[in-house]
Amino acid sequence: MIQNRFLPRLLAVLAVSALVAGCATSPRATDRVRVLNGAMTVAAPAGYCVDPSARKSSAQGDFVLFGSCAAISGDASSPRAPYPAMLSATVGPKAAAPLVRSFPAFEAFFHSAAGRAAIARSGLAKDVDILAVRQAGDMMVLKIRDRSVSGGAPVSPVYWRAIADFDGHIAALSVLPQRGAAMSDAAQIALLGRFEDTIRAADAAGGLHN
């Protein structure tokens with residue numbers, strides 16, 4: 001079990017990102033949004049735009065869902081997501097130490113019943129299997145099977161999630177393939193890497209312009 005101040009923050013981030021809503025149209029589609037009361041900018045790779053109906057904010061963190069810009073805007077001429085998948089980002093408060101120091105403890109936590117329950121959309125550990133855990137650059141990435149029965153978008157029960165550190169903020173990033181869509185592990189991990197890079201670039205620029 002993680003014996004530092006990361007665990008409460010991680011649990012809070014995972015709780016905020018437990019449910020995935022369906023995409024709703026918005027004529028003012030954008031690929032980025034400020035979170036944490038303006039302290040940080042979250043942006044998605046080309047072709048993805050914010051689903052405004054899925055935004056969630058609380059003291060524990062902010063949740064943002066991204067879908068294809070064409071679907072979000074309702075305009076077929078708008079950019080389309082390069083993969084049949086949605087992206088999600090949940091960002092929580094700052095932690096006290098670099099996240100990478102806690103990766104081994106996080107891996108043990110995610111394999112525990114408490115960790116699997118925190119990931120499950122149902123909140124039940126029995127609904128989740130951790131299929132793989134690895135480090136990709138500065139991120140920990142997990143391949144997850146979630147058998148939870150819940151409403152929302154029809155996403156695949158198997159998906160990849162990354163745990164990352166953005167200037168001390170713990171974040172959970174996910175690639176959520178559409179149910180029945182073919183998307184390889186390598187493609188999902190690469191997309192998570194581009195998602196991370198896009199967020200870092202947008203946050204460094206500090207702006208909301210596309």
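The figures here come from the full heavy-atom set of this structure, side chains too, leaving out hydrogens, waters and symmetry mates. Everything numeric in this text was worked out from a predicted model, so none of it was measured.
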- For Phe106, is the NZ or CZ atom of Arg161 found under 6.0 angstrom from the centre of its six-membered ring and inside 45 degrees of the ring axis?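 No, Arg161 does not sit over the ring of Phe106.
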
Heavy-atom side-chain proximity of [X] to [Y] below 4.5 angstrom:
| X | Y | value |
| --- | --- | --- |
| Met140 | Gln135 | no |
| Val35 | Thr41 | no |
| Ser156 | Gln178 | no |
| Ile130 | Val133 | yes |
| Leu192 | Val141 | yes |
| Pro82 | Tyr48 | yes |
| Val42 | Val91 | yes |
| Leu191 | Met183 | yes |

If you take all heavy atoms of [X] and [Y], which pair is closest and at what distance?
| X | Y | value |
| --- | --- | --- |
| Cys49 | Ile72 | O-CG1, 3.8 Å |
| Ala187 | Tyr83 | CB-CE2, 4.1 Å |
| Asp203 | Ala39 | OD1-O, 4.2 Å |
| Ala132 | Trp160 | CB-CH2, 4.1 Å |
| Met86 | Gly67 | CG-CA, 4.5 Å |
| Thr198 | Ala44 | CG2-O, 3.4 Å |

If the condition is side-chain hydrogen bond (donor to acceptor under 3.5 Å, both in side chains), which residues does [X] pass it with, not counting sequence neighbours?
| X | answer |
| --- | --- |
| Glu196 | Arg200 |
| Asp75 | Ser77 |
| Ser184 | none |

- Task: Kindly state whether the ring of Phe195 and the ring of Phe66 have centres lying under 6.0 angstrom apart.
- Result: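 They qualify: ring centres under 6.0 Å apart.
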
- Item | Matching residue for Ser88 among Leu65, Val64, Val155 - test: side chain to side chain contact (heavy atoms under 4.5 Å, CB included) |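 Exactly one pass, corresponding to Leu65.
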
- Are Val158 and Leu87 joined in one hydrophobic group, where the rule is that I, L, V, M, F, W and Y side chains link up if heavy atoms are under 4.5 Å apart?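 Val158 and Leu87: separate clusters.
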
Drop me the distance from [X]'s [atom1] to [Y]'s [atom2], to the nearest 0.5 angstrom.
| X | Y | atom1 | atom2 | value |
| --- | --- | --- | --- | --- |
| Asp185 | Arg134 | CG | CZ | 7.0 Å |
| Leu142 | Leu131 | CG | CG | 10.0 Å |
| Gln188 | Leu176 | CD | CG | 8.5 Å |
| Ser57 | Asn37 | OG | CG | 8.0 Å |
| Lys126 | Ser148 | NZ | OG | 8.0 Å |
| Asp138 | Phe166 | CG | CZ | 9.5 Å |

- Got a sec, which residues hit salt bridge (Lys or Arg N to Asp or Glu O under 4.0 Å) with Arg145, two or more places apart in sequence or on another chain?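 If we apply the salt bridge (Lys or Arg N to Asp or Glu O under 4.0 Å) test to Arg145, skipping adjacent residues, the hits are Asp129.
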
- Message: Could you work out, with salt bridge (Lys or Arg N to Asp or Glu O under 4.0 Å) as the rule, every residue matching Arg55, not counting sequence neighbours?
- Response: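 For Arg55 the salt bridge (Lys or Arg N to Asp or Glu O under 4.0 Å) partners, ignoring immediate neighbours, are Asp62.
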
- Are the side chain of Asp146 and the backbone of Arg121 linked by a donor-acceptor contact shorter than 3.5 Å?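 Side chain of Asp146 to backbone of Arg121: a pair is present.
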
- Can you check whether Leu124's main-chain N or O pairs, donor with acceptor, with Ser122's side chain at less than 3.5 Å?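 Present.
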
- Would Ile119 and Phe110 satisfy side-chain contact (heavy atoms from CB on, under 4.5 Å), going step by step from the backbone distance to the final call? CA-CA 8 Å; Ile119 290 172; Phe110 283 125; 3.4 Å; yes

- Message: Filter on ring-ring contact (aromatic ring centres under 6.0 Å, His included), then keep only pairs touching residues 111-147, sequence neighbours left out; what's left?
- Response: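 Output for this query is empty, none listed.
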
- Query: Any side-chain donor paired with an acceptor under 3.5 Å for Arg80 and Ser68?
  - Reply: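 No, because no side-chain N or O of Arg80 sits under 3.5 Å from a partner of the opposite role on Ser68.
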
